[in-house]
Structures are given as structure tokens and as C-alpha cells.
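Numbers here simply count residues along the sequence, with the first being 1.
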Amino acid sequence: MSFGKRNMAVLLIGTVLTGLSPAAALAQQPAPVAPVTPPPVSSTTGIGTIRSIEVIGSQRLEPDTVRSYTTLRPGASYSREAVDQALKDLYATELFADVQIRDNAGVLTIEVRENPVINRIILEGNKRIKEDKIRPEIRLAPRQIFTRSKARADVARIIELYRRQGRFAATVEPKMVQLDQNRVDIVFEVREGPKSKVRQINVIGNEKFSDGEVRAQMVTKQARFYRFFSSGTSYDPDRLAYDQQKLRQFYLTEGYADFRVISAVAELTPDKEDFIITYVVEEGDRYKFGDVKTESELRDFDSNTVKRLIRLKKGDWYNAKAVEDTVDGITETAGLFGYAFADVRPEFNRDKDAKEMNLTFKVGDAPRVYVERIDINGNTQTQDKVVRREFRLAEGDAFNSFQVKRSADRINSLGFFQENLEIEQKQGSTPDRIILEANVEEKATGELQLSAGFSSLERFIVNASITQRNFRGKGQTLSTSVNYSSYSKSIELGFTEPYLFDRNIALGGNIFRRDYNSFNYINNDRNTTYQQVSTGISVRVGVPITEFWQGQLRYGLTLDDVTLAEGTFYTNGVCDPLLAGRYLCDAIGERTTSSLGYTLAFDNTNNRLRPSAGNRLSLNQDFAGLGGSVKYVRTVAKASKYWSVLGNFIFSLNAEGGYIHPIGKNGSATSDAVRLTDRFFLGEPQIRGFDIRGIGPRVQRTSYIANADGTYSLSTDRSNVQDDALGGRAYYMGRAELEIPLGSGARELGLRPSIFVDAGAVFGLKDLTTANGGLNDIQTFASCTTTAGVTTNIPNAITCPTGQTLNGVTPGFKETYLGDSPKPRVSVGVGVNWNSPFGPFRIDVARALLKEPGDDTKLFTFNVGTQF
């Protein structure tokens with residue numbers, strides 16, 4: 001409801017006559033002082049006698065209740081001081097808006113006007129902060145008695161809420177709308193104002209480092225147009241204190257042990273929109289490390305052992321972070337020996353004359369510690385055993401800090417709980433006992449995705465999938481998906497039990513049907529070449545070998561049916577190599593693949609979902625030939641490594657390669673022994689900067705065109721070139737990628753940008769340029785019809801044999817075999833993942849730096865509405 005359109009009297013709480021803002025006036029307004037009619041008193045003593053006390057004006061309160069709030073009683077003596085105290089007592093109840101006490105020869109009349117009852121609370125003008133965030137800060141509530149003190153407190157809390165968001169120019173005007181029966185509506189009119197930015201950061205007293213170098217250490221940044229995604233440009237008092245710690249930490253890592261921040265002042269600009277922050281610092285002298293010694297009171301963790309852990313050397317510049325890391329390293333190593341509460345203290349001895357910092361690392365005596373109990377809190381859906389089985393320690397085991405960290409990493413990798421979970425260590429019932437406590441916070445593990453979109457890879461897409469990664473709270477994964485696009489259709493159902501019969505054995509399986517249309521490009525037109533329908537089932541069993549090594553066995557049975565459009569590629573009911581190409585004619589038909597495979601994998605990453613540190617290795621082999629019509633050995637190896645660098649940047653290296661070898665056959669003179677649908681293909685999305693299947697062996701068919709003089713020549717128009725990817729027996733691929741952290745505002749939007757370099761190649765087919773006399777080079781086709789009515793195309797002819805009728809001459813084509821080379825193709829680019837409101841979105845801009853003749857490049861790709 002608009003405040004300006006109300007037809008009721010509106011009272012401003014407070015006063016504007018003082019020149020203050022309404023909120024400030026409200027905060028400073030004293031309780032009203034009522035006029036008092038002096039009672040009759042003795043001229044000598046100033047004391048009178050109360051004959052009776054009458055209360056008028058009370059509506060909700062009984063007169064006796066009003067009288068009970070004072071010390072005045074009939075028959076008692078009173079004075080001016082007693083009446084003044086009665087007034088104060090009545091106002092202190094905060095039940096009355098006005099109070100007067102009159103006297104008539106000892107008959108006291110207390111006239112009161114009660115504070116109104118609140119009908120409702122209304123918020124107006126709040127856009128940046130929604131009502132559900134503000135209302136919990138408001139203590140006034142409907143059906144309560146209105147008091148000025150509560151209104152002042154509510155205004156202060158709302159303003160503080162805006163200040164936490166950096167809006168220091170925000171004001172709140174509380175108003176009352178008078179209703180009948182002494183009721184009021186309370187309206188808080190909010191003027192939010194702009195978000196207060198940090199206009200400038202001044203540093204005074206820095207001589208060794210420039211202003212820019214000092215400001216670079218701060219979380220708070222100066223507001224600039226290019227920092228529109230950063231939240232660090234907003235003023236925050238807590239961040240100001242944190243920046244002082246960051247400055248001290250920076251100088252301490254550079255050897256300035258005496259550094260201190262003398263003052264840090266934030267001044268609001270006259271327009272109340274921005275802040276200017278000024279730091280005054282004292283750098284002091286720069287120190288080097290002096291003598292570094294060790295002392296240990298632990299029996300099997302002596303001084304020599306501790307000394308081997310120390311990398312600090314005399315003469316190096318003093319670095320407080322290196323000292324802290326050394327303490328953490330000693331403490332962690334002591335934990336490996338079973339000392340959970342090892343007391344590691346660095347003692348500093350500063351030599352100001354020599355500008356040296358002498359250090360002694362002292363390790364105090366501590367008992368070996370054993371795990372008394374493991375507590376898991378916060379899991380309302382997930383069963384306790386799902387979390388407990390990820391612990392690498394059991395109750396009663398000797399404490400080991402490495403195993404505790406590994407347990408936290410495994411729980412984080414489940415993806416069932418909040419990120420960056422840490423296992424707390426608490427003192428047990430005795431000094432040699434410890435309690436491990438995992439306080440988890442569950443998050444949604446079910447995913448329902450109904451999306452439609454457009455992709456440069458798949459064109460129009462419809463996706464529907466349901467996945468529950470913590471089915472029934474047992475850690476099981478159940479998934480089903482249906483996908484439809486212009487060139488692929490699939491339905492799949494999968495289930496995985498990670499701990500079969502509560503043993504560390506994973507069992508899973510999938511049932512699927514996939515309908516895929518292969519295609520090629522003629523200029524920018526995409527044309528279907530063959531259709532592959534695959535129906536199959538797979539079963540897998542995984543077991544751990546060690547903490548980081550795992551093994552998996554799997555079996556798959558797939559029925560493939562590859563077909564071509566007979567009207568396009570067949571002649572007289574038979575696939576015509578002159579129309580389809582020999583490699584396609586060889587691929588058509590039904591085939592059954594019965595394969596047995598295994599995987600040997602190593603994974604010590606800190607998080608399986610989004611790792612920032614660790615390694616992954618895997619070796620996969622599949623043997624097809626346990627029945628069925630397809631026989632081969634396929635081998636694929638993969639390796640990945642992740643680092644956290646430069647703070648929150650994540651750098652990763654990925655490499656993989658594979659080879660497929662046919663069993664029991666060598667192919668024909670015109671085809672490879674490994675059929676087309678079993679080969680490796682590379683391009684988008686594996687290597688960005690290239691089109692889908694844009695790398696590797698391919699046949700390009702260039703059309704001949706008729707010249708004016710009756711001759712034929714090869715066309716130079718791209719639209720007359722048909723490009724078919726053949727795949728290869730072998731491939732390799734590598735990627736280097738750096739994920740760039742953004743400010744909290746961008747992280748809330750789900751933006752994750754990265755820069756990358758991709759490289760790879762696919763190769764190893766039989767050389768089709770020499771097979772059976774080489775590829776086709778046919779200038780013309782003569783269409784001839786026999787007397788029996790059969791029509792055939794005769795290559796390189798412009799006339800028909802005797803007795804046949806010439807229907808016409810069609811220009812032919814020349815086939816060129818390209819791309820079968822192990823030389824690396826390299827691309828570089830930038831990409832962004834965005835969890836947008838309309839579905840996951842991925843955009844990549846990549847440029848191919850190295851390519852081979854025949855490769856298809858692509859600068860810009862995106863995907864919307866499908867997972868990536």
C-alpha cells in the first residue's frame with residue numbers, strides 16, 4: 001500500500017523541528033514531561049496527606065493496575081518528590097504515552113493516555129534487502145504495545161543490516177498511522193541509498209614498498225570500473241580489521257618483524273556515498289634468520305627428527321609464514337607418531353644490533369593419543385554408517401593426523417555435505433584420549449533436471465533426468481535420463497551400490513538405448529550420413545586395493561545396428577561405394593559386442609568432484625570377443641594432476657591416450673580392420689578450437705563441375721566439398737588449464753572462468769591412398785538404362801554401351817585422404833562455466849595454433865541446457 005495514498009492521519013515518530021533526520025530525532029527524543037498540579041502541602045514541612053487516588057483515561061488497564069505502578073497510597077503522606085517519582089515510575093512501564101497527576105485537597109487524580117496497540121508492521125522502500133531478511137530484526141510485532149524505545153532499537157537494527165551490506169547512506173523513517181480503538185500501523189520507510197564504495201586507499205609511512213604493492217595485499221580494493229564483479233570495493237569495517245592483519249602478515253613474510261599499523265581511519269565522504277581509508281604504518285628494520293635450534297621432550301620424536309623437518313637457514317630473510325608452516329609441519333608429523341596434542345612452540349630471540357632473529361623450536365612432552373570416540377552430528381537423512389565407513393580411523397586406534405585429514409577428504413568427496421568439512425579434535429576423558437567430531441551439514445543430493453536449449457554441438461536439445469546420489473540415505477546412486485536432440489536420442493537407467501552387503505565392494509549397472517545420427521558438413525550445412533542404434537547393458541564391480549588404488553571389473557553386451565539411407569547411398573538395393581564411400585559401406589549392418597574389461601585406478605585428490613590438489617591415474621582395457629561378432633582389444637590410459645597456486649587459483653594438467661587393436665582379422669584391401677563405429681574420434685568438446693570430430697583421418701570428396709567448353713574441372717567452392725571423419729586406431733590428448741577465482745559476488749552467480757591449452761591427435765588407419773589403387777577420381781557419371789529397364793551409373797563416361805539409353809551425364813568427384821598424422825594439433829582459449837537460472841551454461845572461445853590439412857576448426861562454442 002502506498003503511504004502517500006492513505007486517507008488516515010499520519011504521525012511522524014519524533015520531530016523534524018530540530019533539523020535532525022527523523023530517525024535521529026526519534027533516537028534523541030526524551031519522554032514527554034507531563035504538567036503536575038502541586039498538591040496541598042504543609043507550609044512548614046512540604047508534606048500532605050492522600051485522601052484518595054482516582055485513575056481516569058485507562059482503557060486496557062484496570063485502575064488498580066495503574067495505581068500499583070506507583071508508591072502513592074490513600075492515607076499516606078506525600079510530597080512533590082513523591083509525585084515526581086510516581087510520574088517516573090509510570091513512564092518507566094512504557095505503557096503510557098502521557099501521564100498527568102492533579103490534586104484537589106488530597107484527592108489525587110491520575111490521568112493517563114495509554115500507548116497504542118500495534119495493528120501491523122509495514123516496510124516500504126526496501127528493494128536491496130528483502131522483507132524476510134529485515135523482519136527478523138524487528139522486535140515490534142502486531143498486538144504488542146507500541147513503545148518509542150523499541151521503535152528506536154528497530155530502526156538501529158535495520159540501519160545496521162544495511163551497513164553490513166555497505167549501504168551507509170541508508171535511512172529509516174518510522175511513522176505511525178493512527179487507527180480507531182487506539183490502534184496504529186507502524187510504517188518503516190526505508191531509503192536505501194547507493195552502496196558505499198571505497199573511493200581511495202591512502203598509505204602513509206611505507207618506504208620499502210610502493211602504495212600499489214601494499215594495496216595489493218588488501219582484500220579491500222579501490223572502486224574502479226573494471227572491478228564491477230568484485231565485492232571487495234564495498235566498505236566493510238570487519239574487512240578493514242582483516243586488512244590490517246594482511247598487511248602485518250605481508251611485512252612479516254618480508255622480514256620486517258617490527259612492523260605495525262599505527263592507525264587505520266575510514267572517513268565518509270561529504271556526499272555519504274563513498275569512503276576514504278587512510279593507513280599509517282611503521283615498517284621498522286628488516287631481519288634475517290639467525291641460529292635455528294630444536295628441543296624435543298618426546299621420546300621417539302627427538303630433536304634430530306625435528307631438525308630434519310626444518311627448512312629455515314641462517315642468513316635467509318626472516319619469514320613469519322615460513323615459521324608458521326614449520327610449526328604446522330612439525331605438529332602434523334608428530335601426529336603421525338600418535339601425538340595429537342603435541343605442543344610445538346617457536347621461541348624468538350631478537351638481536352637488534354645484528355638484525356637477526358634467532359629461533360628455537362621446542363616440542364613439549366605429550367602422551368600418545370588414542371581415538372576414544374567418533375561423533376557424527378547434523379546428518380538427518382544420511383545414515384551414520386555412510387559417514388563412518390569413510391573414516392580411516394576406528395575407535396580405539398592410535399591417533400594419526402594424516403588419516404584424519406584423509407577421512408575429511410573422503411567425506412568431502414561424497415558430495416552429500418557442505419564443502420570444506422573439517423573433523424574437529426577434542427580432548428577425551430583422559431589426556432591420552434581424543435574425540436573426533438564430524439559436524440556435517442547436509443545439502444540436496446537429488447537432481448531433477450527438465451531443460452530445453454540450443455547447442456552449437458547438438459542444435460535443439462531436450463533433456464530430462466532424475467539423479468539421486470544418496471538414495472535412501474545409504475550413499476547409493478540411482479539415475480535415469482532421457483535425451484533428445486536433432487542428431488541423438490537416448491534413454492538410460494543406472495544404479496550403483498558403493499558398499500555391497502556393508503563390505504567395501506561397489507556394484508553397479510546400466511541399461512541403455514542410444515540412437516545416434518552421424519553427420520558431415522557441406523559448407524555450413526549439416527548432413528546425416530549414417531544412423532547407429534545401440535542397445536545394451538553393462539555391469540561393473542569395484543574393489544579397493546589400497547587406500548588410493550582401486551580395481552574394477554566390468555562386462556558389457558551391446559547390439560549395434562548401423563544403417564544408411566537407401567535412397568541416397570544405395571544402387572539396385574546394394575550400398576554403392578561410389579555414393580557412400582567404401583568406409584561407410586563396410587560399417588553398415590548388425591553387430592554384437594560382448595566385452596570384458598578392467599580398470600586399475602589411483603586417486604589421491606582432495607576432492608573427487610572438484611579437486612584442487614592431488615593426482616589421478618587410470619589404465620583401462622576392454623577385450624571384445626567373448627561371443628558376439630566384434631573382436632578387439634581397446635586400451636586407454638589417463639593421468640591428471642591438480643595444484644592450488646597463487647592463492648585460490650587451481651592449475652591442472654591432464655593427459656590421456658589410447659589404442660584399439662583388432663583380433664583375428666586384418667580388414668580388406670579397401671577398409672581398416674577396426675570398424676568405423678569402434679574407432680577413436682577427437683574434436684569438440686575434447687579439444688576446443690576444433691569442430692566435432694574435426695581432427696584426424698578423413699576423406700574429403702570434392703565435386704567436379706562442367707565447364708563451358710564441355711570439359712570438367714574440380715570445384716574450388718567450399719559448398720561442393722563433402723567432409724567425412726573416419727576416426728583412428730590411436731589417439732593422445734593433453735590439456736593444461738588454470739581456473740581463475742573471482743570475487744564472492746561472481747561466485748554467487750556460479751561463474752568459473754578458466755584459460756586453457758589443448759593438444760592432441762588421432763591417427764593410425766590403413767593408408768587409403770594406396771589401398772586398391774587409391775581413392776576415387778571420377779570426373780563424370782553416365783546414367784544408362786538397359787533394355788530390361790535397369791539404370792546404372794558408369795564412371796568416367798559420357799556415353800553408354802551399345803544397346804543402352806543415355807539419361808544424362810552427371811559431374812563426378814575426387815576423394816582425398818587427409819589428417820592421418822600423429823603431429824599434435826594445439827589450441828588455446830578461454831572458457832566460462834555459469835550455473836545460470838535457465839540451466840548450466842558453458843562458453844569457450846579457442847583458436848587453433850597448430851593444425852593439419854583437412855582439420856576443421858571452430859572459434860566459438862557454447863552449450864545451454866545440458867550438463868558439461
Could you tell me if [Y] and [X] have a donor-acceptor pair between their side chains, going purely by distance under 3.5 Å?
{"X": "Thr382", "Y": "Asn470", "result": "yes"}
{"X": "Glu424", "Y": "Asn439", "result": "yes"}
{"X": "Gln85", "Y": "Thr71", "result": "no"}

Mind listing the closest non-hydrogen atom pair of [X] and [Y] along with its distance?
{"X": "Ile121", "Y": "Pro142", "result": "CG1-CD, 4.2 Å"}
{"X": "Ile423", "Y": "Ala408", "result": "CD1-N, 3.7 Å"}
{"X": "Pro74", "Y": "Ile53", "result": "CD-CD1, 4.0 Å"}
{"X": "Val99", "Y": "Tyr91", "result": "N-OH, 3.2 Å"}
{"X": "Val112", "Y": "Ser58", "result": "CG2-N, 3.8 Å"}
{"X": "Asp258", "Y": "Gly284", "result": "CB-CA, 4.4 Å"}

Look up atom [atom1] in [X] and atom [atom2] in [Y], then write down how far apart they are to the nearest 0.5 Å.
{"X": "Asn379", "Y": "Phe416", "atom1": "CG", "atom2": "CZ", "value": "12.0 Å"}
{"X": "Gln178", "Y": "Arg183", "atom1": "CD", "atom2": "CZ", "value": "10.0 Å"}
{"X": "Leu359", "Y": "Arg350", "atom1": "CG", "atom2": "CZ", "value": "11.0 Å"}
{"X": "Thr269", "Y": "Ile276", "atom1": "OG1", "atom2": "CD1", "value": "6.5 Å"}
{"X": "Phe275", "Y": "Thr220", "atom1": "CZ", "atom2": "OG1", "value": "11.5 Å"}
{"X": "Lys221", "Y": "Arg239", "atom1": "NZ", "atom2": "CZ", "value": "10.5 Å"}

Take atom [atom1] of [X] as the centre, draw a 6.0 Å sphere, and report whether it contains more than 12 heavy atoms from other residues, nucleotides or ligands.
{"X": "Gln222", "atom1": "CD", "result": "yes"}
{"X": "Arg135", "atom1": "CZ", "result": "yes"}
{"X": "Glu422", "atom1": "CD", "result": "no"}
{"X": "Phe348", "atom1": "CZ", "result": "yes"}

Any side-chain heavy-atom pair of [X] and [Y] under 4.5 Å:
{"X": "Val363", "Y": "Val344", "result": "yes"}
{"X": "Arg388", "Y": "Ile376", "result": "yes"}
{"X": "Arg260", "Y": "Glu282", "result": "yes"}
{"X": "Lys352", "Y": "Tyr287", "result": "yes"}
{"X": "Phe259", "Y": "Asn206", "result": "no"}
{"X": "Ile145", "Y": "Val117", "result": "yes"}
{"X": "Asn349", "Y": "Thr360", "result": "no"}
{"X": "Val55", "Y": "Arg67", "result": "yes"}

Test side chain to side chain contact (heavy atoms under 4.5 Å, CB included) applied to Thr65 and Tyr69, step by step: CA-CA 7 Å; Thr65 303; Tyr69 291 135; 3.7 Å; yes
For [Y], is there any backbone N or O sitting under 3.5 Å from a side-chain donor or acceptor partner on [X]?
{"X": "Glu442", "Y": "Thr380", "answer": "yes"}
{"X": "Glu54", "Y": "Val107", "answer": "no"}
{"X": "Gln244", "Y": "Val261", "answer": "no"}
{"X": "Gln427", "Y": "Arg433", "answer": "yes"}
{"X": "Ser196", "Y": "Phe168", "answer": "yes"}
{"X": "Glu94", "Y": "Ser149", "answer": "no"}
{"X": "Arg167", "Y": "Gly193", "answer": "yes"}
{"X": "Glu137", "Y": "Leu161", "answer": "no"}
{"X": "Arg215", "Y": "Ile201", "answer": "yes"}

Electrostatic pair [X]-[Y], nearest N-O below 4.0 angstrom:
{"X": "Lys197", "Y": "Asp274", "value": "no"}
{"X": "Lys426", "Y": "Asp375", "value": "no"}
{"X": "Lys321", "Y": "Asp325", "value": "yes"}
{"X": "Glu111", "Y": "Arg102", "value": "yes"}
{"X": "Asp154", "Y": "Arg157", "value": "yes"}

Steps toward side chain to side chain contact (heavy atoms under 4.5 Å, CB included) verdict (Glu332, Asp328): CA-CA 6 Å; Glu332 186 174 340; Asp328 291 342; 5.9 Å; no
Aromatic ring pairing Tyr251/Phe209, orientation class (parallel under 30°, perpendicular over 60°, tilted between): perpendicular
Side chain to side chain contact (heavy atoms under 4.5 Å, CB included) between Tyr235 and Arg163, worked out: CA-CA 9 Å; Tyr235 173 72; Arg163 287 186 172 183; over 6 Å; no
Derivation of the side chain to side chain contact (heavy atoms under 4.5 Å, CB included) call for Asn126 and Tyr162: CA-CA 10 Å; Asn126 57 305; Tyr162 275 93; 3.4 Å; yes
The single option from Val184, Val187, Asn119, Ile122 passing side-chain contact (heavy atoms from CB on, under 4.5 Å) against Val177: Val187
